[in-house]
Visitor: 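Mind looking over this structure? Questions follow.
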Amino acid sequence: MTRKQPSFATETVWAGEEKYRVHGASQVPVVHSVAYTYDDLDYWYEVAVGNAEGHIYGRNTNPTVASFEDKVKQLEGAESATSFSTGMAAISNTLLTFLTPRDRIVSIKDTYGGTNKIFSEFLPRLDIDITLCETGNHDEMIEEINKGCQVVYLETPTNPTVKITDIEKIAEAAKEAGALVVVDNTFATPVLQNPLQLGADLVIHSATKFLGGHADALGGVLCGDEVLVDRVYHYREINGATMDPMAAYLLIRGMKTLHLRVWKQTENAGKLAEYLKAHPLVESVYYPGLTDHANHDIAKQQMRGFGGMFSFSLHGGMDAVKEMLPKLKFANRAANLGAVETTVGPARTTSHVESSPEERKALGIPDGLIRYSAGIEDFEDLKADLEEAMKAITVTQ
Ligand SMILES: *Cc1c(COP(=O)(O)O)cnc(C)c1O
């Protein structure tokens, strides 16, 4: 009798580790070694040129980092994965691998602030043409893709207004145009969405966020077809944005609970979004799980759950935010997200700190928008905390 493929929850705990647990260790050891020694010079050469398995130098590969990559690869159902020092390194290295002068990239206006800076500041210097479409306007995006491009770059749900793009639909148009489809899957995580199965060529994560889940390690990862991933790996091994083995260890440990955390965070976010929506001091709530969300139906179709992230604004604007946010007891007021602790912050100092007030306005991000990353705490405690903090608000319009 053949055993069935293990389920996702089991994979988060076990995948990618066995090969790396040397000396009978039950956990993947952290290999703090810059280089690897070889007495057999011919064998060393074979490893160096990639004909035999092994490690040569830490900027290229490391066993702990390789185990991290194997785990994510299996969770995303990918052929291959490579890692980076941060999520931004994964994004920039990927774009710089595939784009050359006079190429064109089509993306959305609502990408992560750092990604948006790459589009607005760094790629134009290389004479790369960038077209940013209204997020969620599929007709506009398909029209732009049909004009010809090399890369289509998506992020769904987006940061911080959680807008949704239909990956399958856009990937279809991109295929016809011969363009690569890259998806930042940081917000959804492989628990809730697998872009590769929806037609994307490459998927990126800021592992700093949900994958690690404990806000104690930075990292980025890219998954997809082996030939494509190898090209980005080569760019990274030379340019040097390598993941640290200690970070890899922390991220592996974090991922063991990915399944549990993300479902709990999704449950908390969904209930809190509903609660806030009914609150008289709240102006609007952005969450793909709300039926009045512009692309709720698409989210429902391509995601298994709506995720742990939402944002909301208050009638009293930024002044009210300043009164309310410091009163929260069970929330870090911080720039990260996806941690076990609830994390909050105004978009202007978190996701879009890199953008100017004018740029944020153009993106439809109100100054008083609060990004809320639900943690794994008890829902009733989080709700009571919000309710209590709202009482501090004196500015109501
Ligand atoms: C945080 C984040 C990034 C950047 O990741 P770092 O690890 O901070 O470099 C990219 N995309 C999204 C959606 C993010 O939230």
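In listed order, ligands and their atoms are each counted from 1.
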Visitor: Quick one: sort the F187 and F210 rings into parallel, tilted or perpendicular, breaks at 30° and 60°.
Guide: perpendicular
Visitor: Check each atom of ligand 1 against the heavy atoms of E155 and keep those under 4.0 Å away; list them by number with element.
Guide: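 Listed by number with element: 13 (C).
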Visitor: Between Y235 and L95, is there a shared hydrophobic cluster once you connect ILVMFWY residues whose side-chain heavy atoms come closer than 4.5 Å?
Guide: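 Yes; L95 is reachable from Y235 via cluster members.
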Visitor: Report the nearest protein non-hydrogen atom to atom 4 (C) of ligand 1: residue, atom name, distance rounded to 0.1 Å.
Guide: Y112 CE2, 3.5 Å
Visitor: Where's the contact between I91 and ligand 1, heavy-atom distance under 4.0 Å: side chain, backbone, both or neither?
Guide: side chain
Visitor: Return the orientation label for the H55 and Y36 ring planes: parallel under 30°, perpendicular over 60°, tilted otherwise.
Guide: tilted
Visitor: Would you mind checking if K329 and D385 are paired as a salt bridge, meaning a charged N to carboxylate O distance below 4.0 Å?
Guide: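 Here D385 does not pair with K329 in a salt bridge, since their nearest N and O are not under 4.0 Å apart.
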Visitor: Just by distance, with hydrogens left out, do T100 and D103 show a side-chain donor and acceptor under 3.5 Å apart?
Guide: yes
Visitor: Roughly how far, to the nearest 0.5 Å, is the CD1 atom of I164 from the CE atom of M303?
Guide: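 Result: 5.5 Å between the selected atoms.
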Visitor: Would the distance check show the side chain of H138 and the main-chain N or O of D166 forming a donor-acceptor pair, the cut-off being under 3.5 Å?
Guide: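 Side chain of H138 to backbone of D166: a pair is present.
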Visitor: Which of the atoms in ligand 1, numbered in the order shown and given with their element, are less than 4.0 Å from a heavy-atom of N159?
Guide: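 Every atom of ligand 1 under 4.0 Å from some heavy atom of N159: 15 (O).
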Visitor: Students should be able to answer this: which protein heavy-atom is nearest to atom 5 (O) of ligand 1, and at what distance?
Guide: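 Here the nearest protein heavy atom works out to S206 OG, 2.9 Å.
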Visitor: Quick one: nearest non-hydrogen protein atom to atom 7 (O) of ligand 1, plus distance?
Guide: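 The closest heavy atom on the protein side is T208 OG1, 2.7 Å.
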Visitor: What residue and atom, counting heavy atoms only, is the protein's closest point to atom 9 (O) of ligand 1, and at what distance?
Guide: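 So the nearest neighbour among protein heavy atoms is M88 N, 2.8 Å.
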Visitor: Show which atoms of ligand 1 fall inside a sub-4.0 Å distance from at least one heavy-atom site of D184.
Guide: 10 (C), 11 (N), 12 (C), 13 (C)
Visitor: Ignoring angles and geometry beyond distance, decide whether G87 reaches within less than 3.5 Å of ligand 1 through its nitrogen or oxygen atoms.
Guide: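 Yes, since at least one N or O of G87 sits under 3.5 Å from an N or O of ligand 1.
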Visitor: Are any of the N/O atoms on K209, whether in the backbone or the side chain, positioned under 3.5 angstrom from an N/O atom of ligand 1?
Guide: yes
